[in-house]
Amino acid sequence: MSSINFLSEKIKFIPKKQKKLRRWIKDVVGLEGRHVSSLVYVFCRDSYLLTINREYLNHNTLTDIVTFDYSEGGDLDGEIYISLDRVKENARKLEIAFEDELHRVMIHGVLHILGLKDKSPSQKS
C-alpha cells in the first residue's frame with residue numbers, strides 16, 4: 001500500500017487538491033518504473049528548514065527543499081521538507097503563481113528520491 005502525506009511544522013498550511021497531487025506524484029514515479037511506498041511532505045518556514053539543513057547536511061544556507069531518501073529496492077520512501085517562505089519568494093521572483101512554484105518544488109523532491117541530482121550545471125539541465 002502506498003501513502004503520500006502532507007504535514008506542516010510550526011505553520012498552518014494544507015495544500016489544495018490533495019487527491020490530484022497524490023495521483024500526479026504517483027504518475028511521475030510510475031513513469032520512472034517505480035512505486036511510491038511512503039512519501040511525507042512537511043511544509044515549514046525558513047527557520048525550521050535552516051535548522052534541518054545545518055543539523056543533517058552541515059549547510060548554513062536557506063533552501064526551498066531538503067529531501068531524505070529512505071528507499072530500499074524499487075519502492076520510494078522518503079521525507080521532503082519544503083520552506084513555504086522560499087517558495088513564496090521564488091514565485092515572486094519568477095513572476096509565477098505560488099501553487100505553480102509549490103508544485104515544481106514538490107516534484108523536485110520526488111526527482112531527488114528517484115536519483116536525479118542537480119548539483120552541477122550539467123545535472124540541472
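For the single chain, residues carry numbers from 1 onward in sequence order.
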What is the distance from atom [atom1] of [X] to atom [atom2] of [Y], rounded to the nearest 0.5 Å?
X	Y	atom1	atom2	answer
I52	L57	CD1	CG	9.0 Å
K19	I4	NZ	CD1	13.5 Å
S38	D77	OG	CG	5.0 Å
S2	D75	OG	CG	9.0 Å
H103	I25	NE2	CD1	8.5 Å

### Message
I'd like to know if the side chain of N53 and the backbone of T61 have a donor-acceptor N/O pair within less than 3.5 Å.
### Response
yes

### Task
Check for a donor-acceptor pair, side chain of Y48 on one end and backbone N or O of K10 on the other, with a separation under 3.5 Å.
no

Can you confirm whether [X] sits close enough to [Y] that some side-chain heavy atom of one is under 4.5 Å from a side-chain heavy atom of the other?
X	Y	answer
Y41	I65	no
I82	L49	no
L111	L114	yes
L62	S83	no
R86	D46	yes

For [X] versus [Y], what's the shortest heavy-atom pair and its separation?
X	Y	value
I80	M106	CD1-O, 4.4 Å
I107	W24	CB-CH2, 3.5 Å
E101	V87	CG-O, 3.6 Å

### Query
Under 4.0 Å between a Lys/Arg side-chain N and an Asp/Glu carboxylate O for E89 and R92?
yes

[X]-[Y] co-clustered via ILVMFWY side chain contacts under 4.5 Å:
X	Y	value
L21	F13	yes
L116	I113	yes
F6	F98	yes
L84	V66	no
L39	V105	yes

### Task
May I ask you to check whether over 12 heavy atoms, not counting those of Y56, lie within 6.0 Å of atom OH?
no

### Query
After noting the C-alpha distance and the side-chain angles of L50 and N60, does the key distance pass the side chain to side chain contact (heavy atoms under 4.5 Å, CB included) rule?
CA-CA 7 Å; L50 181 59; N60 192 24; 4.1 Å; yes

### Query
Between V42, V40, T67, which is the residue that forms a side chain to side chain contact (heavy atoms under 4.5 Å, CB included) with Y81?
V42

Pairs under 3.5 angstrom only: tabulate donor-acceptor contacts from the side chains of residues 27-37 to other protein residues two or more places apart or in another chain.
residue: D27; atom: OD1; partner: R23; partner atom: NE; Å: 3.1
residue: D27; atom: OD1; partner: R23; partner atom: NH2; Å: 3.2
residue: R34; atom: NE; partner: G74; partner atom: O; Å: 2.6

